[in-house]
Amino acid sequence: MMNMAMREKLGLALIAVALVALPFVLASAGTAWVRITNFAVLFVLLSLGLNIVVGFAGLLDLGYVAFYAVGAYVYALLASPHFGLHLPFWVILPLGAAVACLAGVILGAPTLRLRGDYLAIVTLGFGEIVRIFMNNLSAPVNLTNGPKGISRIDSFQIGPVNFAGSDTFAGLVFSGPIKYYYLLMLVLLAVIVVNRRLQDSRIGRAWVAIREDEIAAKASGINTRNIKLLAFAMGASFGGIAGGMFAAIQGFVSPESFVLNESIMVLAMVVLGGMGNIWGVIAGAMLLSFVPELLRYTVEPAQRALFGKLLVDPEVLRMLVFGAALVLTMRFRPAGLWPETRHRREMNENRA
Amino acid sequence: MTGILLEARDIGKRFGGVQALKDVSLTINSGEIYGLIGPNGAGKTTLFNVFTGLYPRDSGEVQFAGKALDLASPHAVAAAGIARTFQNIRLFANMTALENVMVGRHVRTRAGVFGAILRTRAERTEEAAIRRRADELLHYVGIADRADDLARHLSYGDQRRLEIARALATDPQLLALDEPAAGMNATETGALRDLIEGLRRDGLTVLLIEHDVKLVMGLCDRVAVLDYGEKIAEDVPEAVRANPKVIEAYLGTGAA
Ligand SMILES: Nc1ncnc2c1ncn2[C@@H]1O[C@H](COP(=O)(O)OP(=O)(O)OP(=O)(O)O)[C@@H](O)[C@H]1O
Ligand SMILES: [Mg+2]
């Protein structure tokens, strides 16, 4: 019999091997699938960031996509012909995280007294304000190029390796998306480690304490104002990093990518997976990213084969599946598909 | 360890038409158990809330350990050395008993975001110390066997003990207990009494709101009585018990 620790290690090793091999398997089905995976990982990054604010600290944030936008625009402005600046990504990504962090504090500071619904409304407004700014900051000084967005954004460059083209190494073809995939995996790994460490720390406990009972948290000596600001700032930084990577991968940003729907999507990923639990959030983000794409690729051919014509647009089905998934989760697993261990432990207790 | 620990002067608090506290002044000496009694709605809990910065006061000042207390921020009050429990228990329901107490250590520890992310040596040492202290406190209040249970799964009596452990985790000089025996049976109340006596032996000052007269009279060095927001008596328990004003407050006019 293997003990738990060994089993866990073996499991992790298998997952690691699978993740390393994955892009080549996907590429054999078409490079589009690697791209889809990359965008799914971006959503995982976003969900993990939002999880700090919503899952840990219990602050309902409906404008999270604003930080994604800030990160993306910081990258776009500093690495594109728009201003003729071409800074390297390892300078811009931290800078984007810092600017997003600042935006998080700017959003957080005036909203600290608000709770629940009121906080949700103000953050929603903030998200829209950021988007509208991006849309309109093209005159008198053309900062963001308005609704046309910014294009021809530099891709990442590490030494001689540019992420836009393909490289052949040891007989394997590393296309641009495959290279981004590996980079995203590294970033994801770092974000997971950071999240887990924060969760079992003095600060993480303070977040959960505020979520559970703000008055008791105050009376226990927690400076709730600062600790909440910290949650906004940390969550926003993750959003900023994801935004920077998005800009580079996409090569193009415009305000259209940062609409309210995106905030809601990320929130749905967090809630569906299981607020507060890192693995649950990852699962939720993966599920809600992949299922619609799978539908897109299967529903249309299936309908054509069965009926000879397209009856239901995959985009419509996407929203249907989305809605149904959320309703079913809330009905049958209100704490999410994979809830925080605390909740799970408690369910086991009830069964015992 | 003698002398005045807390001195409140002319504390006033009004809720709309209700004058919940009217020029209440009192002094608590280091090392004593100070009882605060009074009929329902007399303003006892309100006084706690003012002392701990949870309600803004209308008037008055509080000196604690020789310094003016910043009543505008509850965490500063906790840092200054006042900890409390709540009349209607307020635990972190979905955290374990141990985690609840660990939260209480927050104000005496320093690790920030970067320490946590980098898992610095200082951070790890501090975390281990937090855990150890929390564990000790669970033993101290007698619920160490429930350390890994969620707070909301503890029995009522154990929840009250857990609240005391969390309060003690802030290293207070003054522990304010708001009706700790409410809802307890005789055995639990007896154990609570032993616990509070142990606290006094360990040098803590206790401010105790309690309706259980036997408990108050048996434990307290001095007792103050609030009635309609005013302090009507403050003395040793026997004298308070014999005070006609107090008897009248409890039994109504004409009963004395
Ligand atoms: N948040 C509040 N808003 C409005 N009125 C309040 C509030 N808190 C207390 N009061 C009022 O202030 C008065 C004093 O209440 P308080 O809770 O301090 O009494 P108490 O002495 O603790 O009573 P009990 O023994 O029932 O706990 C009461 O009339 C109460 O209704
Ligand atoms: Mg009360």
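Atoms considered below: every heavy atom in the structure, side chains included; atoms not considered: hydrogens, waters and symmetry mates. In the text below, chain A, chain B and the rest are named by the order of the sequence lines, each starting its count at 1.
With a 4.5 Å cut-off on non-hydrogen atoms, A:L230 touches chain B through its side chain but not through its backbone. Looking at B:E126, the atoms closer than 4.5 Å to chain A (heavy atoms on both sides) all sit in the side chain, from C-beta outward. In this structure, the portions of A:D200 lying under 4.5 Å from any heavy atom of chain B include both its backbone and its side chain. Residue B:A167: no heavy atom, backbone or side chain, is found under 4.5 Å from chain A.
The CZ atom of B:F92 lies 10.5 Å from the CD atom of A:E214; values are rounded to the nearest 0.5 Å. Expressed to the nearest 0.5 Å, how far OG of A:S201 lies from CZ of B:R124 amounts to 14.0 Å.
In this structure, the side chains of A:R197 and B:I117 stay at 4.5 Å or more apart for every pair of heavy atoms.
In terms of heavy-atom proximity, B:A111 sits nearest to A:I203 at O-CD1, 3.9 Å.
Among B:A169, B:P74, B:G112, the residue with the largest count of heavy-atom pairs under 4.5 Å with chain A is B:P74. Contacts with chain B were tallied for A:S220, A:A219, A:A217; A:S220 has the most, counting heavy-atom pairs under 4.5 Å. Heavy-atom pairs under 4.5 Å with chain A were tallied for B:N100, B:V107, B:T52; the largest tally goes to B:V107.
Between A:R205 and B:E127, at least one side-chain N (NZ, or NE/NH1/NH2) sits under 4.0 Å from a carboxylate O, which counts as a salt bridge.
Between A:D213 and the options B:R166, B:R90, B:R152, a salt bridge (charged side-chain N to carboxylate O under 4.0 Å, His left out) holds for only B:R90.
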Intermediate values then yes/no, side chain to side chain contact (heavy atoms under 4.5 Å, CB included), B:H106 and A:I227: CA-CA 11 Å; B:H106 184 92; A:I227 297 289; 3.9 Å; yes
